[in-house]
Protein chains: 2
Amino acid sequence: MSDKRLQLITTAFKLFYLKGVHAVGINEILAESGIAKKTLYHHFSGKEDLVSAVLAFRDQRFHDWLESRFNESNNGADKVYALFDALDDWFNDRVADLLPFHGCFFINVSAEFGDPENPLHRQCSRHKESIRSLIAKQVDMLDIDSSDQENMTDALCLLKEGAITLAYVQGDRDAAVKAKATAVMLLRRECA
Amino acid sequence: MSDKRLQLITTAFKLFYLKGVHAVGINEILAESGIAKKTLYHHFSGKEDLVSAVLAFRDQRFHDWLESRFNESNNGADKVYALFDALDDWFNDRVADLLPFHGCFFINVSAEFGDPENPLHRQCSRHKESIRSLIAKQVDMLDIDSSDQENMTDALCLLKEGAITLAYVQGDRDAAVKAKATAVMLLRRECA
DNA sequence: TACATAGTAGACAGACTGGTCTACTCGTGT
DNA sequence: ACACGAGTAGACCAGTCTGTCTACTATGTA
């Protein structure tokens, strides 16, 4: 990947994440990155193409980060708790790679491109699906009925999304702790 | 409230909810409603003022709807299930008052006005707080330890927000059913 | 040497933005 | 009889938006 291309993506992400896609113009990204307009249109066919590249970039970053957090954790229920501990670090700005917490970029972009058929909206949906798969892998390793595994994954995803929303809209930095407490109750029930 | 003023608010809401605030210009709202620009600026000091009025309008509509759903339901655990049954109706477009489901308007607006200090963002936060209070009232009536009531309210709010996000970003129309299943497990635990 | 590639700087086009303004109409209350 | 508030229609302003274009530079490779 070209140096300039990457620089455009990271700068665009920073601004989009902070202010929203529609609120940030091409020119602002160019001014901030110090890159010429022609170069941008050399690498991307238009703004939408750039947004798509930014989504792909963030998708990878986020996925890699969460996967590494799972890999670092002990087997068993700790794999599940690792999810909420990771979220807690994210919400409280202890993860440099993800930039200061400003909600979930994919939820935010979905809100701006509301039509479910919109390619950008669909890209956000695929990201959520890929994170769900990652969580499902951890649940598969738990000692619970395989018929309950699907339900457990659903519950964890619901708690995760709920925590992100509470943390962002209401500014509740303890949202991950609360979600973890609920997950603990669910797991105790399953393993009892 | 003036006739024209209300008409502007409902038209603006319809467009904002469908396409996002930034994606809809003043002129589009005027064309759609057939109202003159001067009239808009007679009733509102600017676009932001209109957005604020639209938020207040939706806040009331949503609150009243949910409250009536709670009032219609039986006492006890049914009060809690009523929340998820209501969400299920909303997600599947069985609530004419709320317009076809397009996510939570307040989450969407928060995403567009990301700065937590922004007055519109704060207004969204207050809406979530008011809905939480409504839910807390139902939880207070449950037969569980008062020390656990706070936690139960937190859990229900997490599941609610998670369901809305899943339903919107991923288009999962069964999100409310999944959230309800999780809530059932939590309640059984508490009342066991 | 010759040429393609990736880059800079920035003028420019055309459409659209929120918002102001003038000139006018109509109905109501005093 | 008349003033006033609410409304219409739409021209207009200054600024911003995405995207195109010209003219030029540096670099690496055949």
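Just so it is clear: chains get the letters A, B, ... in the order the sequence lines come, proteins before strands, and each one is counted from 1. Just so you know, these numbers come straight off a predicted model, no measurement behind them.
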- Item | Lys/Arg-Asp/Glu bridge criterion (N-O < 4.0 Å) met for B/R132, B/D154 | yes
- Distance in angstrom units between A/L30 CG and D/dT18 P, rounded: 9 Å
- Query: Would you call B/R126 and B/D59 a salt bridge, taking side-chain N to carboxylate O under 4.0 Å as the test?
  - Reply: no
- Message: Please report the end-to-end axis angle for the helix from C/dT1-D/dA30 to C/dT30-D/dA1, five pairs per end, rounded to 10 degrees.
- Response: 0°
- Query: Looking at B/H102 versus B/F16, is the centre-to-centre ring distance below 6.0 Å?
  - Reply: no
- Ring center gap for B/F62 and B/H127 short of 6.0 angstrom: yes
- Task: Sort out for me which residue in B/D78, B/D85, B/D89 forms a salt bridge (Lys or Arg N to Asp or Glu O under 4.0 Å) with B/R69.
- Result: B/D89
- Can you tell me if A/R58 uses its side chain to pair, donor with acceptor, with the backbone of A/L98 under 3.5 Å? yes
- Per-nt protein contacts along nucleotides 6-19 of chain C (heavy atom under 4.0 Å; B base, S backbone sugar-phosphate only, - none) come out as SSBBB-------SB
- Heavy-atom distance under 4.5 Å between the side chains of A/D174 and A/F91, does that happen here? no
- Answer yes or no: are there more than 12 heavy-atom neighbours, outside A/E67 itself, under 6.0 Å from its atom CD? yes
